[in-house]
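None of these values were measured; they are calculated from a predicted model.
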Amino acid sequence: VVDIPSGSSMNVYLSPSAEGDSDWTLVKTVNGGDLASGRVIIPVDAVANANWVRVRFTGSGPAKITEFDYQQRELPMY
């Protein structure tokens with residue numbers, strides 16, 4: 001859950017490796033005019049079948065992250 005005032009923006013990056021800075025992928029950009037306060041769902045298909053998932057938040061202007069949650073999806077094996 002994030003609070004982003006108008007004029008601010010937040011970028012969410014994911015990395016499938018345990019360390020290093022060479023493989024960050026931008027997966028979501030949220031602008032203050034789009035969302036003042038609410039849930040931001042991060043698509044994790046960019047790091048499918050990864051052993052590690054790291055999350056990086058960057059942006060400009062003030063923003064508050066009040067909750068960060070992970071929900072695992074398990075698909076049936078055929």
Chemist: Got a sec, which residues hit salt bridge (charged side-chain N to carboxylate O under 4.0 Å, His left out) with Asp21, two or more places apart in sequence or on another chain?
Modeler: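 With neighbours one apart ignored, the set is Arg56.
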
Chemist: With sequence neighbours left out, what residues match Ser8 under side chain to side chain donor-acceptor pair (under 3.5 Å)?
Modeler: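 Ser8 satisfies side chain to side chain donor-acceptor pair (under 3.5 Å) with no other residue.
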
Chemist: Any idea which heavy atoms bring Pro16 and Asp23 closest together, and the distance?
Modeler: CD-OD2, 3.6 Å

Chemist: Mind checking side chain to side chain donor-acceptor pair (under 3.5 Å) for Asn11 and listing every partner two or more places apart, or none if nothing turns up?
Modeler: Thr29

Chemist: Looking at CZ of Arg54 and CD of Glu19, how far apart are the two atoms once the value is rounded to the nearest 0.5 Å?
Modeler: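 The CZ atom of Arg54 sits 8.0 Å away from the CD atom of Glu19.
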
Chemist: Heavy-atom distance under 4.5 Å between the side chains of Val2 and Phe57, does that happen here?
Modeler: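 They are not in side-chain contact.
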
Chemist: State yes or no: do Val27 and Ile4 share one hydrophobic cluster built from I, L, V, M, F, W and Y residues joined by side-chain heavy-atom distances below 4.5 Å, directly or via other members?
Modeler: yes

Chemist: So which atom in Val55 and which in Trp24 form the shortest heavy-atom distance, rounded to 0.1 Å?
Modeler: C-CZ3, 4.0 Å

Chemist: Using the side chain to side chain contact (heavy atoms under 4.5 Å, CB included) criterion, which residues pair with Val53? Sequence neighbours excluded.
Modeler: Leu14, Val47

Chemist: Mind listing the side-chain donor-acceptor pairs of residues 58-67 below 3.5 Å, one per line with the distance, residues two or more places apart or on another chain?
Modeler:
residue : atom : partner : partner atom : Å
Ser60   : OG   : Ser9    : OG           : 3.2
Thr66   : OG1  : Val1    : O            : 3.1

